[in-house]
Amino acid sequence: MGSRGQKRTETADELPADKRACSSLEFRPSSSNCSSIRTHLNSPNSTPDADMETSSSTSASSRSDGEHEKEDESAYGSCDSDDAEQQPRHHILRDYQRRRSSSDHGKLNTILSNLNEGNGGSGQLAALTELCEVLSFCNEDSLSSLMADSLSPVLVKLAKNESNANIMLLAIRGMTYLCDVYPRSSGFLVRHDAVPALCERLLAIEYVDVAEQCLQALEKISRDQPVACLQAGAIMAALNFIDFFSISVQRVALATVVNICKKLPLEGPAPFVEVVPKLCDLLQHEDQQLVESVATCLIKISERMCQSSELMEELCKHELINQVTLIMKSNSRTTISQPIYNVHEVLKLLNELLPASTGDQANQVVLDKESFLADHHDLLQRFGMDLFPVLVQVVNSGANIYVCYGCLSVISKLVVLSKPDMLGELLKTANIPSFLAGVFTRKDHHLLMLALQIAEIILKKLSDVFLSSFIKEGVFYVIDALLMPEKCSQLMLPVFGGIQPSFDSSQKSSAREFQRCLCYAFDMVPSSSVSSCKIDKDTVCNLAKHIKTNYFAPELVESDKGMTDVLQNLRTLSAALSSLINMPVDDGTTVQHEEKFYSILHQIMLKLNGREPVSTFEFIESGIVKSLMHYLSDGMHMRGNVEFTGSYDHLVVLGKRFEVFTKLFFSYSDILVEDLPLSILIQKLQSGLSTLENFPVIPSHGFKQRNSFATVPNGRCVMYPCFRVRFVRAEGENCLSDCAEDVLAVDPFSPLDAIEGYLWPKVFTERTEYGELDAEELEQREVLPNLLPSNANSTEAKSSGFIDSMSIDLPEMQEDEANFSQIASEQVHFRELNSGETMSLDETNMGSAGKEQEFPTESTKNMRTPCSASGDNDIKDSSARLLLYLEGHQLDRTLMLYQVILQQLLNSEKEFMTWAKLWSRVYTITYKRALESNQDDPQEHTYQERKFSVSDQKIASIQNMGYFASMFACKLTSDLDKSSPIYDILFLLKLLEGINKYSFHLMSCERVRAFAEGRNDNLDNLKVMVRSVSQNEFVSSRLTGKLEQQMQDAFTLSTGGMPLWCNDLVSSCPFMFSFEARCKYFRLAAFGPRRGQLNAISRSNSGTSSDRQTTSGGLPRKKFLVSRDQILDSATRMMDLLARHKGLLEVEYNEEVGTGLGPTLEFYTLVSHEFQKFGLGMWRGDHCSFITSTTLPTESVILRNSSGLFPRPCSPKSDANNGIQFSQVLKKFVLLGQIVAKAIQDGRVLDVSFSKAFYKLILGQDLSLYDIQSFDPELGRTLLEFQAIIVNQKRLQESICVENAALKQDLCFRNTRIEDLYLDFTLPGYPDYVLSSECNLKMVNSANLEEYVELVVDATIHSGIARQVEAFKSGFNQIFSISHLHIFTEEELDRLLCGECDIWAFNELLEHIKFDHGYTASSPPIVNLLEIIQEFEYSQRRAFLQFVTGAPRLPPGGLASLIPKLTIVRKHSSNCADTELPSVMTCANYLKLPPYSSKEKMKEKLLYAISEGQGSFHLS
């Protein structure tokens, strides 16, 4: 075997892509590479991975894609249709192709003649090279059947020329190109024995590049000749040495096998059985696309073998069941974070393996299966024990209705086939009664029927074991409610928990099957006709009645007797808690009221954590959740929009209740965190939520992007289907006219405001002294244009004219695509108010949550006439001009049209709706004039917008109750009834998360109150140590999985393409979703699908050799030259020029050769350090006075603060005295905001440590006195102690009998009179910051201590830093809206911005580092290196990361998220390895490590290279 036979190593250098040109009339991807011929393995040539991936993806989808083409196109119009105006252009192209084909045909004849002459190897080599070149650029018209038939035997003969590898390579490449250009030539090649020749070369595998070309040729041939490939042994030939190839080549090999398996002959021998073990091994491959292909092969093989029990038994011998189980486990963990591939096909296989009992109609195959399983109970038990818990977990994870049905079907068969003793063991693996109770909340009658069948079989076989648990888990109550619907209203557990759309499915490969009834969804042989449902309307009720009559005693029907003791006790406690709400409370009974609340809470927690477990049904049905929510919110969570009139007393009451709650739930110091009462309550709520919620996931059945023209609202081409809408004037509407157009194509992602902007000028007319004027003519006569700049007057006219011309003259516009796209992009009617530049769909249609609005001033409102229409559709008017209705329901103006129609569909229970029907229907939207009102809408006044009095603000700030009060005014989900138990659970979880987040504040407030009431007389006892519950406790794995599935759907081009619950819950309850899921949602909402998809691609391909290209290949890049000596100045110039650039920014240093990822990461690191230097006057602890940049020290020391950086306070009055210097500080904060936003946008990491309080300000949260301790512990503690003294003084003043001497004695601070502290009214640590200029506020005494504390708090966290924070936000908003960050916590924002700093475990290093080119994980130098890395100190580890990647920190997710993957290769040297230094390629995270003789020598050289290699990029 020659050198080509060695395993090919993947080099860092990539060859140019394939030079084959696509036909101008037809796109035909090619997988071949026309690079120079490789003569031996060590040549630096390799087939590009991109080419291979094109081939495999094309082969796998080319046939299936075309099958639905006509059906898909009928659903919506296409912008690619031929028009009369385009015919001349097509004629020109056809004439050119005809001349080109004639020329190619002549060349091919000459080449064929040269090949047949056989004039030596060099002549044939030249002829083959020319043949490949001609085939690369010709099309199907250039070839004839005669020419293809003539070329085939010659190419096959030359492919067998073992004496010349280059001729073999080019001959096989010629076959590949021939099949690509002229697909029918595969038949000619098969006739001349091309397949056996290719298989022979693959099995010999003497040359890797020849073998790779053989695989590509076989893949092309197998598309049209799968049977011939099967008979020639192509399956085994493709898989025999698959491990020798790269991932992309392996995908091509599997694509070949898939093509063959899709057309397996129904009769005859089964030569494919021998490849099953190999396929089973490949199921554990790390590449998901490869696993998908393997699963498809196994499914097709199983379908072919299912008619023979012997073959099925042979199939099971290869551990296929175990492998399938492992796949389902890996794809159905607690959070569905990875795509689910072929679950539908796997469930079909499982349903086929287990016989279905059909009574007298059972065929011989079913009887054989039953007989086999009866004789092999051990096999069935092992199968069930492995599979049963996985199936239950899949259903509980929130899978769609088809997957749930498939899982329940398999569970039902397992239950039927198992004997009682085996069934008992099987059911121990899962809580089956609780599982069935959850299934009963689903609406579909197919699922209800299966759940009833499972329950009936279990009760029949094991009634004595499961009867009590069926009652405890609520199964009996649900069955009873099915028979008596009037009982549904009495149950808090909803029998029909939600709406499941009939078109719900995430399996795009089986879209046709999903249009049929669920009864036939898992049939192995699809029915050609549409069959009726097997379940009639009485079947479910009859089975439920049978179960109730035969297995449940009649006395259980009585509610009191059927209730468990746990449920009765919890109901009693719930009633006691509810009675507290109506109990009158005054100053004399407050303590008793709090003690009673504490006692009831304590008893509830004892029950929840008692010896007898509390089921989810008992927990929900007891009313504990609703009572607890009512009490903690004082009933406010049920009100629509809360206004706190006289809010002081209300906030104080809420504050005290929260303090008592916190005292009970966080005062334990001797138990584990997971055993805290709060953790137990959260677990119960999460379990209840998983059982009850039924939020839908809406898939698009493999939606493919294609051009459509949207007339409304902007008239432009879009890459997705449009809704067909008819706009009709409402009955009785006389002020508006009819819409002239009949049916219009409407952009589904257009907000209703934009639709109104399109309709208004077309339907509004007004009779004036000039006659009838439409809205556009009125524009020119109104006052509004006078308020706008002179060049803005024609905005409406231009826009309207554009729409009209686009709808009429579309063919002309299509002739010039470039001009069309440019005009369309310029007319988008959405603007980012901070930047003022026009944005594309990616950046604009991101849902209502992140959309900024600009409201007119009062003067502008008054100057507008009642009928005036805004001339600029970019800015939302303060009031609606039109009301829009769909099927009688008024549309929510904050939503996208797609969300409105989708929600309407989900709320209706009418016809069976498929994805195609969703787009083919014509929707009728009626419009009428909105009633005008001079008064503001009272609905708009939420709690957050209300202005408190000064005293109320002080109390709210001190007690920090504003955060909790604001929650009662927020909207959880617009499509969820507030009386639903799901709403109570979500709201209580939201409140508990807030209490957990602010537990330190609440406990501190409780200690201050205890000090004031005399229950604590020592200021040292004010110190609080709180053990908060981990934020991960609040994450719902079920909701996270659903959000992940929805974002993975192809149609989720923006957050506006998701169901309402996704956006609403992420906005109101972000803690319910994992950090990783919210990061994906954030990128989709803030930056659009392009960055989100690239991020997903780069992460999914993180193990392949094409990582360096996929990370950002689809985004435009801008390079910027910077100077290391003037980093901040360079950063300022960069942001001035490129802040609004939507692409990636890359850095190149002056007089250095390095560019790309590494230098860019280092640039952000250097900028981070510059912002932390002394002398900038930006941060607390920097006590240097403000200085200009000209006097800035050249060697400034970096400011270090263990608590993180927080803005340095500056008096609002300082502008008058030193305005120039402070303006420089504000400019620095603007630049910092730009840098932070750009780093987040581009996925860069900053090396900076902001304080938790500063992150709160970034997130728009208010700070209180208690937050000061987080960045200045000493000042914070002192102010808190002062506050305790003040509260104590106020309480004494309210007493009836108080002596003045006692007052003076109590106003001591640690046995020192306040006056003796000699405090003046300047900000501590900042003597130039005067807090008050009043003459009576010079020194602090007992009388003005409270005012002193308030002024210090205000200067520290409010007025003293307000301008700096606003400057930061203004810079940030120039990149993207800072409001998108509100879904993160402070800790998560730090992680998102600054990455990870975790300690690396040895196993983690092995798992996430790639060893290549001479090194393996067991190589001695690698073992030494990993040990050295683990021994590094924190500073050395940071320096190592900086050396290898360009940044001292890892991205969020640690080593696993590093892209490209950290790769360590052997560095070859001519001399002794110990004299060499390691070198790196930071752009590829590539470390070249010499094989040092010892660990000590390696550490010495590595540290030297790290220290000396910093600060420059040069060739290595």
Side-chain angles (χ1 to χ4, degrees), residues 492-494 497 570-571 573-578 580-581 597-598 600-605 607-609 614 616-639 642 654-655 657-666 676-693 695 961 963-973 976-999 1002 1028-1036 1038-1039 1061 1064-1065 1067-1073:
M492 293 185 183
L493 184 76
L570 288 177
R571 280 191 170 178
L573 294 173
S574 174
L577 190 58
S578 299
L580 284 180
I581 300 177
F597 175 47
Y598 186 92
I600 295 174
L601 272 182
H602 186 65
Q603 293 179 60
I604 291 174
M605 295 314 303
K607 285 293 180 184
L608 294 180
N609 199 28
V614 178
T616 300
F617 171 77
E618 291 169 330
F619 178 67
I620 299 298
E621 195 64 25
S622 66
I624 289 292
V625 176
K626 189 172 290 293
S627 298
L628 195 58
M629 192 66 251
H630 266 292
Y631 184 79
L632 286 176
S633 68
D634 204 17
M636 288 189 299
H637 79 294
M638 295 298 294
R639 305 174 192 173
V642 182
L654 288 176
R657 291 181 180 180
F658 288 145
E659 289 171 18
V660 174
F661 192 88
T662 306
K663 181 181 178 182
L664 171 65
F665 281 73
F666 293 97
L676 285 173
L678 183 61
S679 295
I680 297 169
L681 181 57
I682 293 171
Q683 292 168 13
K684 292 295 182 184
L685 291 171
Q686 292 284 16
S687 176
L689 180 64
S690 297
T691 299
L692 298 179
E693 74 83 18
F695 295 116
M961 291 308 302
Y963 170 81
F964 298 100
S966 65
M967 289 191 296
F968 306 126
C970 75
K971 177 177 66 175
L972 288 183
T973 55
L976 193 61
D977 186 7
K978 287 191 174 184
S979 62
S980 166
I982 306 175
Y983 188 91
D984 291 329
I985 291 176
L986 289 173
F987 221 117
L988 187 54
L989 281 171
K990 182 176 179 63
L991 199 56
L992 294 180
E993 193 269 342
I995 291 175
N996 183 64
K997 186 176 180 179
Y998 285 89
S999 56
L1002 292 169
S1028 300
V1029 173
S1030 170
Q1031 198 70 18
N1032 290 332
E1033 294 274 348
F1034 294 94
V1035 174
S1036 168
R1038 184 179 173 106
L1039 290 182
W1061 70 266
D1064 289 342
L1065 280 185
S1067 176
S1068 60
C1069 302
F1071 56 85
M1072 299 291 297
F1073 305 93

Report summary line: Rounded to the nearest 0.5 angstrom, the CG-CG distance for Leu989 and Leu685 is 4.5 Å
Query raised in the report: Out of curiosity, Lys607 NZ to Ile624 CD1, how far, rounded to the nearest 0.5 Å?
Result: 11.0 Å
Requested in this report: Given side-chain contact (heavy atoms from CB on, under 4.5 Å), test Ile985 with Ile620 step by step and report yes or no.
Outcome: CA-CA 9 Å; Ile985 291 176; Ile620 299 298; 3.6 Å; yes
Query raised in the report: Rounded to the nearest 0.5 Å, what separation is found between the CH2 atom of Trp1061 and the CG atom of Leu986?
Result: 11.0 Å
Requested in this report: Using the test side-chain contact (heavy atoms from CB on, under 4.5 Å), find all partners of Val614 that sit at least two apart in sequence or belong to another chain.
Outcome: Val566, Leu570, Leu608, Glu618, Phe619, Lys684
**Report entry** Any side-chain heavy-atom pair of Val1035 and Met1072 under 4.5 Å
**Finding:** no
Query raised in the report: Counting N and O atoms only, with roles assigned by atom type, does the side chain of Arg1038 sit under 3.5 Å from a partner on the main chain of Ser690, one being a donor and the other an acceptor?
Result: yes
Report task. Taking atom types as modelled, find out whether Glu1033 and Gln686 have a side-chain donor-acceptor pair closer than 3.5 angstrom. Result -> no
Report task. Could you pull out all residues at least two apart from Tyr631 that satisfy ring-ring contact (aromatic ring centres under 6.0 Å, His included)? Result -> His593, Phe597
Report task. Can you label the angle between the His602 ring and the Tyr598 ring as parallel, tilted or perpendicular, going by 30° and 60°? Result -> parallel
Report task. Would you give the length of the straight line joining atom CG of Leu628 to atom CG of Leu992, rounded to the nearest 0.5 angstrom? Result -> 7.0 Å
Requested in this report: Would you mind reporting whether Ser1036 and Leu689 have side-chain heavy atoms less than 4.5 Å apart?
Outcome: yes
Requested in this report: List the steps, then state whether side-chain contact (heavy atoms from CB on, under 4.5 Å) holds for Lys978 with Phe987.
Outcome: CA-CA 10 Å; Lys978 287 191 174 184; Phe987 221 117; over 6 Å; no
Query raised in the report: Shortest non-hydrogen contact from Leu632 to Arg657?
Result: CD2-O, 4.4 Å
Report task. Check the pair Gln1031, Glu993 against side-chain contact (heavy atoms from CB on, under 4.5 Å), reporting the backbone distance first and the verdict last. Result -> CA-CA 8 Å; Gln1031 198 70 18; Glu993 193 269 342; 2.8 Å; yes
**Report entry** For Ser999, all residues meeting side-chain contact (heavy atoms from CB on, under 4.5 Å), sequence neighbours excluded
**Finding:** Thr662, Phe666, Val1026, Ser1028
**Report entry** Flag, side chain of Ser574 to backbone of Gly623, donor-acceptor distance under 3.5 Å
**Finding:** yes
Report summary line: Rounding to 0.5 Å, atoms OH (Tyr983) and NZ (Lys626) come to a distance of 10.5 Å
Report task. Apply ring-ring contact (aromatic ring centres under 6.0 Å, His included) to Phe661 and list each qualifying residue two or more places apart in sequence or on a separate chain. Result -> Phe665
Query - Minimum heavy-atom distance between Phe695 and Leu1065, given as atom pair plus value - result: CE1-CD1, 3.9 Å
Report summary line: Residues passing the side-chain contact (heavy atoms from CB on, under 4.5 Å) test with Gln603, sequence neighbours excluded, are Leu573, Ser599
Report task. Show your reasoning for whether side-chain contact (heavy atoms from CB on, under 4.5 Å) applies to Glu693 and Leu1039. Result -> CA-CA 9 Å; Glu693 74 83 18; Leu1039 290 182; 3.9 Å; yes
Report summary line: When rounded to the nearest 0.5 Å, the distance separating CG of Asn996 from CG of Leu991 is 11.5 Å
